[in-house]
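Worksheet: one structure, shown below.
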Amino acid sequence: MFESIRLAPESASTLSGQVDAIYYVSVLISLVFTVIIFFLVVFLSVKYRRRHADQVGVPIHGNNMLEIGWSVLPFIIMLFLFAWGTKVFFSLCRPPAQSTEYYCVGKQWMWKFQHPDGHREINELHVPTGHPIKITMTSEDVIHSLYFPSFRTKCDVLPGRYTSLWFQPTKPGEYHIFCAEYCGTQHSGMVGRVIVQTPREYELWLAGGKTSTMTPVARGEELFTALACVTCHRQDTAVRGPGLAGLFGKRVQLANGGTVLADETYIRESILSPNTKVVAGFQPLMPTFQGQVAEDDLMSLIAYIKTIQPAAGAVPAGAAALRRAGFTTDGTP
Amino acid sequence: MSMHVSPIRNYVGVFVTLLALTLITVVVAFQDLGPLNTLVALGIAITKATIVILFFMHAKYSTRLTKLVIVSAFVWLLFLFVFTMSDFVTRGMMGVSGK
Amino acid sequence: MTQTALSPEQHVDYLNDGYGWKSWLFTLDHKRIAMLYLVSVSFFFALGGLFAGLVRLELLTPQGDLFGPDIYNRLFTMHGVIMVFFFLIPAIPAVLGNFLIPLMVGAKDLAFPRINLLSWYIYVVGGLFTLGAMIAGGVDTGWTFYTPFSTNYSNSYVVATGLGVFITGFSSILTGFNFIVTIHRMRVPGLGWFKLPLFVWAHYATSLVMILGTPVIAVTVLLLALERGFGLAIFDPTRGGDPVLFQHLFWFYSHPAVYIMVLPAMGVISELIAAFSRKSIFGYKFVAFASLGIAVVGFVVWGHHMFVSGQSAYASVVFSFLSMFVAVPSAIKIFNWSATLYKGSVAYETPMLYALGFIGLFTIGGLTGVMLATLGIDVHVHDTYFVVAHFHYVMVGGTIMGYMGGLHYWWPKMTGRLYPQFWSRLSAMIVFVGFNLTFFPQFIMGYMGMPRRYHEYPPEFQVLHVMSTAGATILGVGYLLPTIYFIMSLRKPVHAGNNPWNAVGMEWQTTSPPPTHNFVSTPVVTEAYAYAEGGQGVH
Amino acid sequence: MSTEAHPLLAHHFETLDQQRESSTLAMWIFLVTEIMFFGGLFMAYLLYRWKFPLAFHAGSHHLDIRLGAFNTIVLICSSLTMALGVRAAQTGERKKLTGFMVLTLILGFVFLGVKAIEYHDKFAHHLIPGLHFQWDGPGGREVQLFYSLYFAMTGLHALHMIIGAGLILWLLPSCVRGKYTADYYHPIECFGLYWHFVDIVWIFLFPLLYLLGRH
Ligand code: HEA
Ligand code: HEA
Ligand code: CUA
Ligand SMILES: [Cu+2]
């Protein structure tokens with residue numbers, strides 16, 4: 001029974017070691033200070049215990065050198081922890097460029113995942129080792145938080161916005177997925193498993209699944225036609241709406257003089273509430289698609305828009321898009 | 001603290017200034033000054049508020065403590081505005097969604 | 001309260017100056033109002049404790065077998081709401097502060113006695129609102145009321161509870177405002193700022209936070225109620241609103257609120273350490289200004305609750321730095337208290353045991369706070385039991401230890417009675433042991449990944465949960481004992497005399513319990529903690 | 001103290017000066033809490049205005065700038081009468097004090113009346129979020145944010161006006177009786193501070209809500 005008490009969960013990602021390291025060092029620092037203070041308190045209160053009822057303390061009012069010392073010392077330690085913690089934090093924030101993008105939609109009370117090849121899973125996520133994986137996520141209702149204790153990372157999943165996290169699994173196995181932001185009745189039931197496999201196993205697993213699934217990019221392309229986006233957003237020329245080629249990641253000049261970075265959240269807003277930010281040189285003609293596109297379809301649309309490139313004559317899809325997303329089917333980046 | 005009684009002339013002067021500033025702010029609002037519009041409107045509002053505080057509310061004649069109390073309120077308001085906006089303004093600067 | 005057992009040489013004091021419920025419910029005497037607060041705050045503590053007990057009971061087993069999820073969610077929400085807003089925030093200021101600040105500045109009362117009474121009534125009304133919501137079916141949003149769950153999804157009594165919190169906020173504002181004016185304007189002539197007890201300094205800093213922070217939580221829950229009740233769009237993401245704005249507004253108050261909770265306890269600890277070492281506090285001015293420093297810097301650290309909320313990473317860095325910076329003034333306090341023991345005359349009376357316990361436990365709580373403020377660690381432990389352990393260490397191990405210590409120290413002053421020394425020392429030990437057993441395992445399970453607000457959990461966490469529940473049982477006994485002997489001391493009194501600890505300080509210059517107008521003759525102003533200078537306490 | 005205590009000196013104060021200073025300090029501290037209270041609303045306004053300038057401009061176009069300006073002037077007038085009222089209290093001119101208080105009250109009601117007209121107009125145009133909001137122009141989604149803030153801010157401001165009017169009614173009898181003299185006028189002074197504060201809130205609300213994007 002007691003063997004289940006450990007100090008940390010399995011360390012199964014490239015960054016979990018770094019998080020553990022800073023954690024153990026801070027535990028050590030805390031321990032040192034706690035021991036010093038416990039010792040001081042116990043030692044002094046025993047040594048200077050009251051020996052007769054009328055005894056009073058020696059009037060000592062302070063010592064400026066000591067004050068400076070015990071202000072500066074914690075300050076220096078704090079600076080050190082701050083710098084290190086921030087460094088680790090930035091590593092946790094910034095996915096490597098070659099990461100593969102997975103999608104996640106949270107809703108009360110389940111996790112819906114989608115692989116780059118279109119595979120969908122609920123409350124379970126298969127991932128290969130040895131490759132950085134970025135998960136872009138949003139919520140259909142309230143705030144959730146996708147938490148992988150064994151990868152030492154989590155990020156809140158918000159309605160109306162995209163957030164992301166990344167990890168690179170190192171050790172095959174099954175680990176917990178938790179929802180770490182209270183989201184209502186079944187919050188504690190919004191859990192799942194992440195199944196880390198070797199690239200070969202992962203490939204087999206992908207092959208064994210339903211073959212008719214469509215990649216998010218292909219689905220996005222389909223929607224782009226079905227929702228008649230193409231009538232205004234043509235590949236070659238700007239017709240009524242601006243061309244979307246190469247849009248993602250650029251700064252967009254707005255009609256009111258400002259600029260905005262075209263990230264996932266901006267594209268989403270452009271679809272659901274198009275007139276909130278009007279692109280310079282265009283009229284606010286675009287109709288709203290609020291209520292007409294489901295969250296995962298929105299993600300697919302965005303995934304597709306991300307892949308539209310200026311040079312390409314035809315719209316890339318399928319395997320080509322997969323490759324562009326930095327993912328090859330044999331599991332090597 | 002002995003009380004301070006301002007002459008009526010002062011109050012009327014303040015009153016006229018406030019009316020004039022109101023007029024200016026309305027007129028300026030119809031001019032297109034680009035981003036300056038907001039700045040001017042806010043500048044005038046702050047001026048008006050300062051005048052009211054100093055003269056109608058006698059802050060000019062109050063103790064240093066009272067002045068400190070007034071100033072601290074606005075400093076704390078700035079804490080709220082500046083630190084909250086520091087989040088929204090820097091969002092997306094890293095180029096990773098949600099960071 | 002029984003009045004039969006008063007000794008023959010009784011004097012007129014605030015307790016026997018008028019009988020009957022009217023003399024209490026319409027009193028303007030700060031001491032009586034403090035007693036009213038003591039009763040109501042204890043009631044809410046017991047209620048919050050009851051909920052905590054039920055939470056711990058449910059967590060004995062990994063399955064949700066005792067309660068369904070809806071009930072469990074209501075239990076921890078009501079536990080958090082009651083403990084924070086109805087117990088810990090008012091506890092020390094409204095009971096001990098109310099009673100002692102006028103005595104310590106040599107005044108006859110607080111500056112605004114009517115407003116003081118009003119604040120108690122507001123508190124009661126807010127409490128009744130919340131109790132009403134609880135009886136009607138409770139609330140299940142967590143004490144943080146995050147939108148859009150609270151505005152659009154929860155099926156519980158969010159608005160009623162929110163209004164309860166809103167109303168109680170005003171009682172806290174009124175208390176803070178009364179303290180500030182009193183400390184500025186009502187000091188007896190000759191009592192300069194640096195002669196004030198540190199208890200008063202700490203309450204001054206607390207009051208600043210109450211004044212500047214509480215209105216923001218008030219307007220935030222008001223907006224929440226407008227959105228939920230009337231469909232206004234403020235935070236609603238489907239209409240362009242930003243739920244993270246709610247979090248900013250909430251924590252703008254609720255982080256400083258944790259200093260509302262701990263600063264008064266720090267004030268108490270300064271008094272206790274000085275009195276039971278018979279020595280002036282080491283580095284008086286540093287401790288005094290550290291309170292102000294914590295209060296001010298504490299206002300600009302709130303974003304540390306939002307490191308993984310979708311807040312910008314750069315804002316997180318700023319908030320992380322400032323949060324860690326609070327360690328410096330906190331360290332100053334801890335080290336100065338420890339140094340005060342040096343060459344003191346240390347007596348192990350019950351209040352002192354609580355004070356020493358505070359130093360140790362607050363150190364652990366504070367240091368784990370610094371770990372949470374470290375960005376790289378918080379991403380992993382945010383919303384796990386590591387956080388739960390951290391805040392119980394500072395709130396229970398810190399503030400409640402301070403509150404209990406203060407209550408034991410000033411109980412003879414407030415009631416004129418003594419409690420049994422053996423039992424009280426024993427209870428302090430039980431609390432210390434039970435507390436650590438309850439909450440230390442939570443650090444470990446938190447780092448292992450156990451999320452908070454879970455009513456079912458994976459079986460590997462069970463051992464630690466069982467330890468925690470066992471600890472909570474011991475802790476409960478530790479709190480039950482004082483309840484019993486305090487009440488007994490009222491029924492079968494042992495008279496304490498005016499100054500059982502031979503302490504200095506103006507509150508000990510008057511009789512116990514003090515007369516209605518506090519002092520019969522104008523009190524003598526000395527330096528604070530003038531033990532060696534032959535202050536009045538030492539014979 | 002050798003001199004006889006003033007009948008209006010509360011038992012726990014030593015002098016009238018201490019009592020008056022305490023009250024004005026207290027009133028200012030109370031106003032600090034009011035500033036922070038409205039501060040939360042202004043924070044929400046600042047954020048959404050920054051995020052959705054177009055929607056805010058569009059929403060603001062449907063407010064009646066003439067009524068807003070008129071009300072601004074009404075409030076400035078009431079601030080003047082209030083300031084003169086306080087002065088009359090300081091100099092112990094009972095009739096003047098009463099007159100100015102009544103004037104202030106009337107101006108307050110004028111303001112509220114105009115506000116009621118505006119609210120009714122918004123109701124008629126289906127501009128109340130959550131009730132029956134309809135917006136035909138662009139940006140309807142975020143315009144709701146503007147109107148929600150409009151109602152929250154002006155509503156709370158109007159509530160403060162109503163409380164202020166109630167306080168005047170409560171103070172009036174003692175003004176008439178001549179309770180306030182050069183020795184004892186701080187209730188009037190404190191009330192004046194409150195009234196001016198409410199005016200200041202409007203000084204900001206007017207440009208922020210009505211004058212946006214008029215050009
Ligand atoms: C009394 C209440 C109280 C107090 C005093 C504190 C004090 C501190 N808290 Fe805590 N905190 C809470 C109550 C409190 N907290 C609550 C209730 C929550 C959870 C809310 C919720 O989500 O429900 C919380 C959550 C919380 C978080 C968010 C965690 C998360 O949700 O992910 C963080 C992160 O930074 C944090 C940090 C700190 C820090 C840095 C301090 C500092 O003030 C501590 C400073 C003290 C010391 C550092 C110790 C003394 C110093 C020394 C002994 C010297 C040596 C020091 C060094 C070498 C550094 N707290
Ligand atoms: C002041 C604050 C305070 C205090 C004192 C406590 C006290 C305790 N808390 Fe609490 N706790 C919170 C504030 C507090 N807590 C908050 C803010 C949360 C977060 C809520 C949320 O997530 O929204 C929380 C959450 C929380 C959780 C996490 C729930 C979850 O996330 O699922 C747990 C679990 O163990 C817990 C346990 C305890 C225990 C065992 C005690 C024990 O210390 C209690 C011991 C006390 C008693 C047992 C009462 C005994 C008293 C008497 C017997 C006296 C009788 C008196 C009279 C008759 C006058 N608390
Ligand atoms: Cu989803 Cu908690
Ligand atoms: Cu905090």
Side-chain angles (χ1 to χ4, degrees), chain A residues 1-2 4-5 7-9 19 22-23 26 30 33-34 37-38 40-41 44-45 48-50 55-62 67 70-71 74-75 78 81-82 85-86 88-89 92-93 141-143 149 152-156 158-161 163 176 178 180-188, chain C residues 69-70 142 146 148-149 153 237 240 243 277-280 282-283 286 308-310 313 317 320-321 324 327-328 331-332 334-335 338 341-347 356 359-360 363-364 367 371 374-377 379-380 383 444 447-449 451 453-456 458 460 463-464 531-532 538-539:
Chain A
M1 196 180 180
F2 283 87
S4 63
I5 300 186
L7 293 182
V19 174
I22 183 170
Y23 172 71
S26 351
S30 303
F33 275 93
T34 310
I37 284 160
F38 269 72
L40 268 179
V41 165
L44 292 177
S45 55
Y48 297 106
R49 67 188 174 277
R50 188 170 301 170
Q55 187 186 345
V56 296
V58 179
I60 304 171
H61 289 279
E67 300 286 349
W70 62 47
S71 311
F75 183 67
M78 172 228 120
L81 284 176
F82 166 73
T86 306
V88 174
F89 179 64
L92 285 163
C93 285
D141 37 48
V142 303
I143 303 179
R152 309 285 188 276
T153 191
K154 74 160 70 67
C155 186
D156 279 11
L158 293 114
R161 239 184 102 187
T163 55
H176 290 298
F178 289 131
E181 182 59 65
Y182 176 69
C183 54
T185 309
Q186 284 298 342
H187 164 60
S188 53
Chain C
D70 276 326
Y146 274 16
F149 180 72
Y153 290 86
S277 311
R278 294 224 175 118
K279 214 166 148 282
S280 83
F282 196 87
F286 289 91
V308 301
S309 68
V317 170
S320 164
F321 180 84
M324 292 177 141
V328 175
I332 290 177
I334 295 278
F335 287 120
S338 311
L341 300 173
Y342 175 69
K343 297 207 170 164
S345 156
V346 180
L356 299 179
I359 297 182
T363 299
I364 299 178
L367 285 163
M371 290 164 77
T374 309
L375 285 161
I377 301 177
V379 171
H380 173 53
D383 265 350
I444 299 172
Y447 197 76
M448 275 177 71
R453 299 171 171 172
Y454 265 35
H455 101 298
E456 292 177 317
E460 70 255 34
V463 177
L464 292 165
Y531 282 95
V538 186
H539 312 299

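Letters A, B, ... are given to chains in the order of the sequence lines, protein chains preceding strands, and every chain is numbered from 1.
At a 4.5 Å heavy-atom cutoff, the contact between C:F321 and chain A is made by backbone and side-chain atoms alike. Interface residue C:M324: backbone and side-chain heavy atoms are both found under 4.5 Å from chain A. Proximity to chain A involves both the backbone and the side chain of C:F149, based on heavy atoms less than 4.5 angstrom apart.
At least one side-chain heavy atom of C:S280 sits less than 4.5 Å from a side-chain heavy atom of A:H61. Annotation: side chain of A:Y48 is not in contact with side chain of C:L341 (no heavy-atom distance under 4.5 Å). Side-chain contact between C:I359 and A:I37: present, with at least one pair of heavy atoms (C-beta onward) separated by less than 4.5 Å. You'll find the side chain of C:H380 reaches within 4.5 Å of the side chain of A:P9, heavy atoms only. Contact of the A:E181 side chain with the C:Y146 side chain is registered, since non-hydrogen atoms from C-beta on lie closer than 4.5 Å. Side chains of A:V41 and C:S338 form a contact here, defined as non-hydrogen atoms less than 4.5 Å apart. Side-chain contact between A:E67 and C:F282 is present, with at least one heavy-atom pair separated by less than 4.5 Å. Considering only heavy atoms from C-beta on, A:T185 stays 4.5 Å or farther from C:Y153 through its side chain.
Screening A:L158, A:D141, A:I143 for a side chain to side chain contact (heavy atoms under 4.5 Å, CB included) involving C:P148 leaves a single residue, A:I143.
Closest heavy-atom contact between A:S45 and C:V346: CB-CG1, 3.7 Å.
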